[in-house]
Each structure stands twice: as C-alpha cells, then as structure tokens.
Amino acid sequence: MIENHESWTPYLSRHEIEGIVCRLASRINEDYKGKDLLLIGVLKGASVFMADLFKHLTGQVDADFVRLSSYGREKESSGTITLLKDITADINGRHVLIVEEIIDTGRTLKFLYDRLKSSKPASIEIVTLLDKKEKRLVDVPVKYAGQSVKNEFLIGYGLDLEEKCRNLPDIYYLKYPN
Ligand code: IMP
Ligand code: MG
C-alpha cells in the first residue's frame, strides 16, 4: 500500500487519533450547547476526520462540503486557491464550523474563511485535527486544534501523497529530505 514503506514511520495510531477527536468533540459540544451547528468540511482530506467528529457531536448538526485546489509543488500549497465545489447551504445567520484535517501555510483556510465570512454567518470558527504551526505564512483564527505537528509530511486518515494513502487508518510521517 505505501511504496518504499521503510521511509514511512508511524506518527499517530488510530487510537491516538480517536482520543484527539473525542477531546475536540467534547469542547465543541460544550461551546455549541443549544445552538444549531453547520460543519463545512474541506474535501477530500478532511472527509475522514469530518465523519468521525460528526459522530461524536451531540447537538443539532448539519454538514456540507467544499473542494478547493491549490496549485504548487506536490507537497506544498501555492498562493493560488481555486474553488472546485461550493457549499449548497445558505450560511447567513448560521453557526459555521470549518473542518480541516491539517493546516500548513494557512492559505487554503484563509481563502475559505474570508469567503464564508462574507456571507454573514452568525459565527464562524475553524477546527483542525493537526496544525503545522511552524509553516504558517498567513494568519488564520484556529479555535480548535487537535495536535501541533512538526514540519513533516504526513499521510493516512485522509491525508494523501499524490491521491494515495488517504484510506490508511493510522497516520505516518516522511521526513523532508533537506
Ligand atoms: P495550506 O493551504 O498550506 O494550509 O495547505 C493545507 C492543505 O495542504 C491541507 O488541507 C492538505 O490537503 C495539504 N497538506 C498540508 N500538509 C500536508 C501533509 O503533511 N500531508 C498531506 N497533505 C498536506
Ligand atoms: Mg485538506
């Protein structure tokens, strides 16, 4: 399944991921008590995390998705973000929570956050499973971050390398060759 598997090292097991998801969900459940929530997942990477988070949320929760593309080098996003699939929901006056699996430079989420904010939701926040803080180039207000990660390339649990390995239940890392 993973080519050159010797260079891939286990990073987070499915059990550790489950723990992170549960902790995030309990904070979100607390903060949105009595409010209707709309999750907006960023395809394709966030789909696995979104499904797991969704199952742990206890209030009234709806779901929608966007798909964005960022052209650049294989393992890094560029400054040019394109919307490939928009939400179908009207978010005006709603409590929106953007769901991302990992934030790197911040460019993708900054684009989405600004775009959704212009539709005047009642509130808009971001949850990410993983946060590569060291690589941030653009400031984005991340309210819920599951775990900080170093500048390593990760695969599994939705994270891909050239559209492969998203379906691995655990997360692995590849050290950047310097
Ligand atoms: P950003 O715009 O630089 O923040 O890029 C965010 C997007 O890049 C994420 O949603 C992922 O799709 C992708 N990405 C960033 N880091 C990784 C990684 O380590 N593995 C796989 N995809 C990644
Ligand atoms: Mg993503």
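In listed order, ligands and their atoms are each counted from 1. Numbers here simply count residues along the sequence, with the first being 1.
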Query raised in the report: Tell me, which pairs form a ring-ring contact (aromatic ring centres under 6.0 Å, His included) where one or both residues lie in residues 11-43, sequence neighbours left out?
Result: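 Pairs touching residues 11-43 that pass the test: Y11-Y173.
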**Report entry** From I103, L68, D104, V138, residue fulfilling side chain to side chain contact (heavy atoms under 4.5 Å, CB included) relative to L109
**Finding:**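 The side chain to side chain contact (heavy atoms under 4.5 Å, CB included) with L109 is passed solely by I103 among I103, L68, D104, V138.
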Which ligand 1 atoms does [X] reach within 4.0 Å, using its non-hydrogen atoms?
{"X": "R107", "result": "2 (O), 4 (O)"}
{"X": "K132", "result": "16 (N), 17 (C), 18 (C), 19 (O)"}
{"X": "D160", "result": "21 (C)"}
{"X": "L154", "result": "18 (C), 19 (O), 20 (N), 21 (C)"}
{"X": "E100", "result": "10 (O)"}

Query raised in the report: Counting distance only, does the side-chain N/O of D52 pair as donor-acceptor with the main-chain N or O of S47 below 3.5 Å?
Result: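 Not a single qualifying donor-acceptor pair exists.
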Query - Distance in Å, L53 CG paired with E101 CD, rounded so as to fall on 0.5 Å steps - result: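 Here the rounded value is 13.0 Å.
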Report task. Answer with yes or no whether the side chains of T58 and N29 bring together a donor and an acceptor at under 3.5 Å. Result ->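 N29 vs T58: donor-acceptor pair found between side chains.
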With a 4.0 Å cut-off on heavy atoms, is [X] in contact with ligand 1?
{"X": "E101", "result": "yes"}
{"X": "G106", "result": "yes"}
{"X": "E152", "result": "yes"}
{"X": "I102", "result": "yes"}

Requested in this report: Using the salt bridge (Lys or Arg N to Asp or Glu O under 4.0 Å) rule, collect all pairs that involve residues 17-30, keeping only residues at least two apart or in two chains.
Outcome: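 Applying salt bridge (Lys or Arg N to Asp or Glu O under 4.0 Å) to every pair that reaches into residues 17-30, excluding sequence neighbours, yields E30-K33.
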Query raised in the report: Given T108, N151, T105, which one has a non-hydrogen atom that is nearest to atom 6 (C) of ligand 1?
Result: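 It is T108 that holds the nearest heavy atom.
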Query raised in the report: Salt bridge check: are K110 and D114 linked by an N-O gap of less than 4.0 Å?
Result: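 The answer is yes: the pair qualifies as a salt bridge.
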Report task. Answer yes when D86 and R67 have at least one side-chain N-carboxylate O distance shorter than 4.0 Å, and no when they do not. Result ->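 Salt bridge: no.
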Query - Per-residue contact class, K135 against ligand 1 - non-hydrogen pairs under 4.0 Å - result: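 Within the 4.0 Å criterion, K135 makes no contact with ligand 1.
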